[in-house]
Amino acid sequence: MNLLDSLNPQQLAAVTLPNQPALILAGAGSGKTRVLTTRIAWLIQSGQVSPQGILAVTFTNKAAKEMLTRISAMLPINVRGMWVGTFHGLCNRLLRAHHRDANLPQTFQILDSADQLSAIKRLLKGNQIDDEKYPPRNLQLFINSAKEAGLRASAVELSSEMRDDYNRKFVELYSMYDTQCQREGVVDFAELLLRCYELLLKNEPLRTHYQERFRHILVDEFQDTNVLQYKWLKLLAGVHNAIFAVGDDDQSIYRFRGANVGNMADFEREFRVRNVVKLEQNYRSHGHILDAANALIRHNAQRLGKNLWTEAGEGEKVRVFEAGSDGLEAAWLVDEVRGLIGEGHLRSEIAVLYRSNAQSRVIEHALFNAGIPYRVYGGLRFFERAEIKHALAYLRLIENPADDTAFLRVVNFPPRGIGARTLEQLQDAARASNQSLYAAVGSLTGKAGSNLGAFVKLIDSLRFETANLPLKEIVAAVIDRSGLIAHFKTEKEGQERVENLQELVNAAVGFAAEEGYAQDAPATQGETEAALPSPLAAFLSHASLEAGENQAAEGADALQLMTVHAAKGLEFHAVFITGLEEGLFPHENSVTEIGGLEEERRLMYVAITRARRRLYLSFAQQRMLHGQTRYGIKSRFIDELPEGVLKWLTPRLREGAGPRLGQWHDAGVRPAVAAAAPQVQTRNGYRIGQTVRHDRFGEGVIIKLEGSGSDARAKINFGSQGIKELLLSIAKLQTA
DNA sequence: TCACCAACTGTGTCA
DNA sequence: CAGTTGGTGA
């Protein structure tokens, strides 16, 4: 059977393009993954490249796995060892292999965003910096967005308006943070990419080596790359190699973590891309669903332009339900799901989508009471659970004693008489001698010192005793000898935690099997050369890079619950999009961000296009949120759908009847903010959330209006130009 | 030092 | 509401 059979003309054209820069604009459900995997298989099969000459980048581990599965189904080759993975995974691999050149210890650990935040808090505390004046969250955001733009502290240029002491301090703290990470041998997510980029940039032989090796570079979800990832790709491509980029600007939904849709246009220009292929035939959804998606996305101004079509018939209309409350919405959903299951549909073919994780609780509650099996994706995931992070911290200390974050997490957990005073002394000593906390323990004497000494001894003996054990035994030894199991056994609510810790042992076994480590092989092999990292090191990377699911029960047939973000790339027979209320979806925070609303609309577009045959939209008149009842109105996104494709399941009130509220308002007891501003604020004809244009700063969004008359001022977010406060009577603002 | 409770706060999506 | 911080008493 030929690989290329049954591709449509556009798909075929894309798959067989010559080795030149190419941009594939692939609409939802147009066979994007198929094109990518078939091209890889075709390149290999036709002898144009060996499996080792391919670099394929995706955003999620799920997508990478899917790609490898499909390739191995098409070709009789061993896909293990192929360079197919996420940006973070591939960078990790490169940095491990060349840790010396990258100036990292071989055992460097990866910080997830929670670890990063606590490292930042520790930095501020250690330097007596007021964390009210410099909120750790803001600093984290500042550091990450700088890194995502490819900028070290020394390269961060403050715009002229921002060049004050306050902003300079942020840059200084950024630099101090990097120093701290370097001393501790840890890297955060963005650092993984930046360090790898710098490695290739500065090390010419290494760069040339990889440029010559990776003849074909393929990128999935190109619209979600950030500036740094794009630079990384350009560097690897060099002058000879072609990048085959697949993306859909209408599905760009990761701006909040630095994604830059502009990369698509930049790529087209900088690489003089002559091969642009549009895949517009949709094989997934019926007509009415597609019509809804097309109509919605047409409300966005910033688009490359694309219109999906299908040969399938119109199909069913999109069902819309208005519920009295979030609880009633869930009750209705349960009924509908029962009906679908009754018609013989698999539970796993039905998805319930929501904008934010917090919304899952009400739905879970209703499903649980109805006895419908379900599986929640996202939320608090396995490797993010407190007890698991504790166990991982012990493992990290075995690998890398300089990891102060891990040290502080478990030095007194379970409690072993080491309190705040002692740790303060220790931190002082460590700072004075520029050592890790672990190394500084020896310099402390007295009773406090002896408790610390016992802890260090515990870690040392664990490292010594587990040195030649397989991964499974190491993990088992750690959760036992650390006292974690014993500690949680005495807690009344601790049973689940004990089970999770035991599950961690299983996860280690599963990981070792999947990675091909022999079960009885010692876990600390490969100390020499640029060899493979030890299984323990690999397992720790895996835990950081892939937070894991929070519920096991793999193959079981269960209803699928997830955020819209998590649903990208998936498809289902029936899809419920819930909580379609102003303030929730679109999210209220998005309204004051430049382009925020368009991003929310793309998110809605992604949600709609997940459905093959049946689509439900629902919203609730009232909802419990953050402990108080909020009254909402239906999302503007429902209004943006053509009336003809909708089928209302609830009687509709006459539009405009009754009081229409401009935004969420607060019905709880807490006074202040929301209650004080029940309607949209306006000044001189401007309103909050409005997009305006300024001659010098470009496009911005009004986030605050103050004063009146000639003193009327507007606070405007100009994105990269910063937030400015302007006098409305002076600033010449154009309204879009 | 540590367990416990009260008060406070923030609240979006992810690798 | 849930997670965190701060204070108190044993």
Side-chain angles (χ1 to χ4, degrees), chain A residues 57-64 85-92 110-118 121 131-132 135-137 141 144 147-148 187-193 221 224-226 228-229 252-259 353-362 377-381 383-384 386 412-424 447-448 451 491 541-548 562-568 579 583-593 596 599-600 602-604 606-607 623-630 664 668 670 672-674:
Chain A
V57 200
T58 64
F59 273 84
T60 63
N61 295 295
K62 207 192 277 172
T86 64
F87 279 102
H88 294 87
L90 294 169
C91 286
N92 180 46
I110 300 165
L111 302 183
D112 67 21
S113 39
D115 295 334
Q116 184 189 31
L117 190 61
S118 61
K121 284 181 181 163
D131 61 359
E132 304 225 327
R137 281 267 355 176
L141 229 67
N144 287 341
K147 287 189 180 181
E148 279 154 10
V187 299
D188 57 57
F189 283 141
E191 181 72 23
L192 223 39
L193 298 172
E221 310 277 15
D224 284 332
T225 51
N226 62 35
L228 178 56
Q229 287 161 339
S252 164
I253 56 174
Y254 283 108
R255 218 181 37 137
F256 70 90
R257 64 167 199 219
L353 309 184
Y354 33 79
R355 175 65 179 80
S356 56
N357 280 308
Q359 287 165 249
S360 76
R361 282 192 50 242
V362 183
Y377 292 81
L380 186 59
R381 288 174 293 181
F383 288 116
E384 290 168 357
N412 196 35
F413 194 93
R416 41 177 78 90
I418 301 168
R421 279 287 302 279
T422 311
L423 288 176
E424 239 166 71
K447 181 171 169 293
N451 283 345
E491 273 195 353
S541 294
H542 167 80
S544 302
L545 293 172
E546 196 174 352
M562 66 192 84
T563 62
V564 181
H565 281 91
K568 187 157 88 155
L584 247 196
F585 198 178
H587 195 277
E588 53 196 336
N589 293 359
S590 71
V591 178
T592 53
E593 287 166 15
E599 173 127 330
E600 294 285 310
R602 290 193 293 271
L603 201 47
M604 180 69 183
V606 168
R623 176 179 300 274
M624 277 294 273
L625 213 60
H626 314 314
Q628 45 192 303
T629 308
R630 300 235 270 175
W664 286 90
R670 223 166 22 165
V673 206

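Order of the sequence lines sets the chain letters (A, B, ...), proteins ahead of strands, with each chain counted from 1.
You'll find that the side chain of A:His565 is closest to B:dC14, out of B:dC14, B:dG12, B:dA15. The listed nucleotides are B:dC14, B:dT13, B:dT1; the one nearest the side chain of A:Ser356 is B:dT13. For A:Thr563, taking side-chain heavy atoms from C-beta onward, the closest of the listed nucleotides B:dG12, B:dC14, B:dA15 is B:dC14.
Between A:Arg421 and A:Glu424 there is no salt bridge, since no side-chain nitrogen of the basic residue lies less than 4.0 Å from a carboxylate oxygen of the acidic one. The pair A:Glu148-A:Arg257 does not meet the salt-bridge criterion, since no charged nitrogen lies less than 4.0 angstrom from a carboxylate oxygen.
When each of A:Tyr254 and A:Asn412 is assigned the nucleotide of DNA chain B with its nearest heavy atom, A:Asn412 is the one assigned upstream, toward the 5' end. With the nearest nucleotide of DNA chain B identified for both A:His587 and A:Phe59, A:His587 has the one nearer the 5' end.
If you measure from atom CG of A:Asp131 to atom P of C:dT4, you get 15 Å, rounded to the nearest angstrom. Between the CZ atom of A:Arg602 and the C1' atom of B:dG12 there is a distance of 15 Å, rounded to whole Å. Taking atom CG of residue A:Leu353 and atom C1' of nucleotide B:dT13, one finds them 13 Å apart after rounding to whole Å. Rounded to an integer number of Å, the gap from A:Glu599 CD to B:dG12 C1' is 11 Å. Between A:Met562 atom CE and B:dT13 atom P the separation is 15 Å, expressed in whole Å. In this structure, the CD atom of A:Glu384 is 9 Å from the P atom of B:dC14, given to the nearest Å. Taking atom CZ of A:Phe87 as the reference point, atom C1' of B:dC14 lies 15 Å away to the nearest angstrom. In this structure, the CZ atom of A:Arg137 is 16 Å from the P atom of C:dG3, given to the nearest Å.
Residue A:Asp112 is classed as having no contact, given no heavy-atom separation below 4.0 Å to the nucleic acid. Nucleic acid contact class of A:Ser113 (heavy atoms, under 4.0 Å, all strands): base. At the heavy-atom level, A:Arg416 lies under 4.0 Å from the strands shown only through sugar-phosphate atoms. Counting non-hydrogen atoms under 4.0 angstrom, A:Glu600 reaches a base of the nucleic acid. A:Arg355 comes within 4.0 angstrom of a base, heavy atoms only.
Look at A:Arg361 and you'll find a side-chain N or O under 4.0 angstrom from OP1 or OP2 of C:dA2. Within the structure, a side-chain polar atom (N or O) of A:Thr422 is placed less than 4.0 Å from OP1 or OP2 of B:dT1. Considering only side-chain N and O atoms, A:Asn357 lies under 4.0 angstrom from the phosphate OP1 or OP2 of B:dC14.
Between the A:Tyr354 side chain and the A:Val564 main chain, no donor and acceptor come within less than 3.5 Å of each other.
Per the stacking criterion (ring centres < 5.5 Å, plane angle < 30°), A:His88 does not stack onto the base of B:dA15. Here A:Phe256 counts as stacked on B:dT13: its ring centre is under 5.5 angstrom from the base ring centre and the planes meet at under 30°.
If you check the side chains of A:Gln359 and A:Ser356, you find a donor sitting under 3.5 Å from an acceptor.
Taking the side chain as every heavy atom from C-beta outward, A:Thr563 and A:Tyr377 never approach each other to under 4.5 Å.
Using cut-offs of 30° and 60° for the angle between ring planes, the A:Tyr254 and A:His565 rings count as tilted.
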